[in-house]
Amino acid sequence: MKRVSPLFLVLLVLGFFFATYNLLTMIIHYKTSTSEQWDLSNPFIQMPGNLMEGEGSNSKYHVALTATDAPYSQWQCRIMYYWYKKVKEMPGSDMGKFTRILHSGKPDNLMEEIPTFVVDPLPEGLDRGYIVLNRPWAFVQWLEKAMIDEEYILMAEPDHVFVNPLPNLARGKHPAGFPFFYIKPSDHEHVIRKYYPEEKGPVTNIDPIGNSPVIIRKSVLEKIAPTWMNISLRMKDDPATDKAFGWVLEMYAYAVASALHDVHHILHKDFMLQPPWDTEVGKKFIIHYTYGCDYNLKGELTYGKIGEWRFDKRSYLSGPPPRNLSLPPTGVPESVVRLVKMVNEATENIPNWDTLNRG
């Protein structure tokens with residue numbers, strides 16, 4: 001075996017340090033901002049000013065998520081699709097059909113299990129290692145080539161599970177989105193103005209969202225998607241923008257693209273919850289398990305430190321989690337307990353769980 005360069009090891013350690021620092025900063029900010037900035041008694045954070053009272057839609061929406069053929073993406077898609085099927089026909093659900101938009105360029109071994117539409121990835125090297133840039137390009141291709149029966153589309157992600165039946169939260173031409181505390185266009189006006197010129201208005205016109213979760217009329221998304229793709233690539237190609245936005249760059253690109261087309265979202269805080277910081281499920285609709293859940297045996301969260309009990313999707317990069325994960329200790333919030341129980345139910349009932357997509 002070749003000896004690893006000491007310089008490479010130093011750079012690797014520094015990389016992990018800065019990644020951990022950024023994650024911890026985001027975690028602490030999330031914990032404080034959730035209660036300070038949101039009126040928790042009101043499910044709507046912001047309604048577009050020109051939304052007429054009573055304007056709404058009972059139309060079905062198509063559930064669409066982008067994915068790769070990597071085992072890490074596959075097992076999340078399988079759990080997500082299981083819960084889609086469970087809640088689709090429940091009272092209050094406006095779910096239509098489901099598509100996994102596979103941007104690996106070729107079919108994989110889940111084609112018969114999950115409805116899938118194969119699209120091409122970006123040309124090699126264009127994503128600069130930021131695989132999320134394939135998301136807008138995947139939606140552009142899917143919208144151009146696929147037959148989509150529903151009038152509306154829910155843009156979702158593999159690490160979403162439906163915890164309650166989800167109605168169509170969009171209102172006419174106004175999409176519904178989830179407000180992310182870390183998407184703050186006003187804090188980056190000097191960068192945003194490269195893509196959103198002053199003649200378009202103040203940067204407060206840009207919603208604090210990403211593309212997911214969003215329920216949006218198909219005809220509106222068809223207008224936004226090419227702009228979203230082009231701005232994502234332009235942002236990634238600009239070192240100052242790339243540094244400012246980092247791993248949420250593509251989210252900013254969607255928000256800016258929407259504003260450029262004068263599309264304003266209904267911001268709905270109950271659209272999604274994110275354990276462990278959101279502790280109660282309540283009437284929320286989607287669990288997004290992007291954060292690691294680490295606790296000691298007393299049920300206390302261990303803030304960025306690996307706990308005596310943990311559930312973190314990144315623990316299963318090369319293959320699916322095992323069936324029958326241990327439940328959290330007493331005292332752990334309901335949202336985390338519910339998440340683990342839902343993962344266990346899915347893995348218990350999905351055929352060939354342990355063998356189909358292990359890398």
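FYI, the numbering just counts along the sequence from 1.
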Just by distance, do the side chain of [X] and the backbone of [Y] share a donor-acceptor pair under 3.5 Å?
| X | Y | value |
| --- | --- | --- |
| T116 | I114 | yes |
| T347 | N344 | yes |
| Q141 | D120 | yes |
| D278 | L273 | no |
| S93 | M90 | no |

Got a salt bridge between [X] and [Y], using NZ or NE/NH1/NH2 to carboxylate O under 4.0 Å?
| X | Y | value |
| --- | --- | --- |
| D127 | K236 | no |
| E151 | K218 | no |
| D238 | K243 | no |
| E189 | R193 | yes |
| E150 | K97 | no |
| D149 | K60 | no |
| D262 | K200 | yes |

Would you please name every residue forming a side-chain hydrogen bond (donor to acceptor under 3.5 Å, both in side chains) with N205, sequence neighbours left out?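 N205: side-chain hydrogen bond (donor to acceptor under 3.5 Å, both in side chains) contacts with Y196.
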
Which residues share a side-chain hydrogen bond (donor to acceptor under 3.5 Å, both in side chains) with K85, sequence neighbours left out: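 By the side-chain hydrogen bond (donor to acceptor under 3.5 Å, both in side chains) rule, K85 matches no residue at all.
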
Side chains of Q74 and D69: is there a donor and an acceptor less than 3.5 Å apart? no

E250 and S232 side chains, donor-acceptor separation under 3.5 Å: no

Is it true that, when you exclude [X] itself, more than 12 heavy atoms of the residues, nucleotides or ligands shown sit nearer than 6.0 Å to its [atom1]?
| X | atom1 | value |
| --- | --- | --- |
| K223 | NZ | no |
| K194 | NZ | yes |
| E308 | CD | yes |
| I306 | CD1 | no |

For the ring pair [X] and [Y], is the centre-to-centre distance below 6.0 Å?
| X | Y | value |
| --- | --- | --- |
| W228 | H261 | no |
| F162 | W83 | no |
| H188 | F245 | yes |
| F139 | H103 | no |

Indicate if L297 and Y295 have the same hydrophobic cluster label, given that clusters are the connected sets of ILVMFWY residues with side-chain heavy-atom separations under 4.5 angstrom.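 No: no chain of side-chain contacts under 4.5 Å links L297 to Y295.
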
Between [atom1] on residue [X] and [atom2] on residue [Y], distance to nearest 0.5 Å:
| X | Y | atom1 | atom2 | answer |
| --- | --- | --- | --- | --- |
| S212 | M251 | OG | CE | 8.5 Å |
| E157 | I286 | CD | CD1 | 9.5 Å |
| S335 | I287 | OG | CD1 | 7.0 Å |
| L267 | D207 | CG | CG | 5.0 Å |
| I101 | T66 | CD1 | OG1 | 6.5 Å |
| T68 | R100 | OG1 | CZ | 8.5 Å |

For [X] against [Y], the heavy-atom pair lying closest together:
| X | Y | answer |
| --- | --- | --- |
| Y252 | Y182 | OH-O, 3.5 Å |
| Y152 | G172 | OH-O, 3.0 Å |
| V132 | P136 | O-CD, 3.6 Å |
| L166 | Y61 | O-OH, 2.7 Å |
| N349 | Y82 | ND2-OH, 3.5 Å |
| V118 | G105 | CG1-C, 3.6 Å |

Identify whether NZ of Lys or CZ of Arg in K145 sits under 6.0 Å from the centre of the six-membered ring of F117 and within 45° of that ring's axis. no

Begin with the C-alpha distance, continue with both residues' side-chain angles, and end with the deciding distance and a verdict on side chain to side chain contact (heavy atoms under 4.5 Å, CB included) for L233 and L126. CA-CA 8 Å; L233 293 172; L126 194 59; 4.0 Å; yes

Kindly determine whether F271 and H265 satisfy ring pair (Phe, Tyr, Trp, His ring centres under 6.0 Å), including the steps that lead there. CA-CA 13 Å; F271 207 154; H265 296 66; over 10 Å; no

Under the ring-ring contact (aromatic ring centres under 6.0 Å, His included) rule, collect the residues that match up with Y195, sequence neighbours excluded.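 Result, ring-ring contact (aromatic ring centres under 6.0 Å, His included) vs Y195: none returned.
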
Specify whether W75 and Y289 have parallel, tilted or perpendicular ring planes, treating 30° as the upper limit for parallel and 60° as the lower limit for perpendicular. parallel

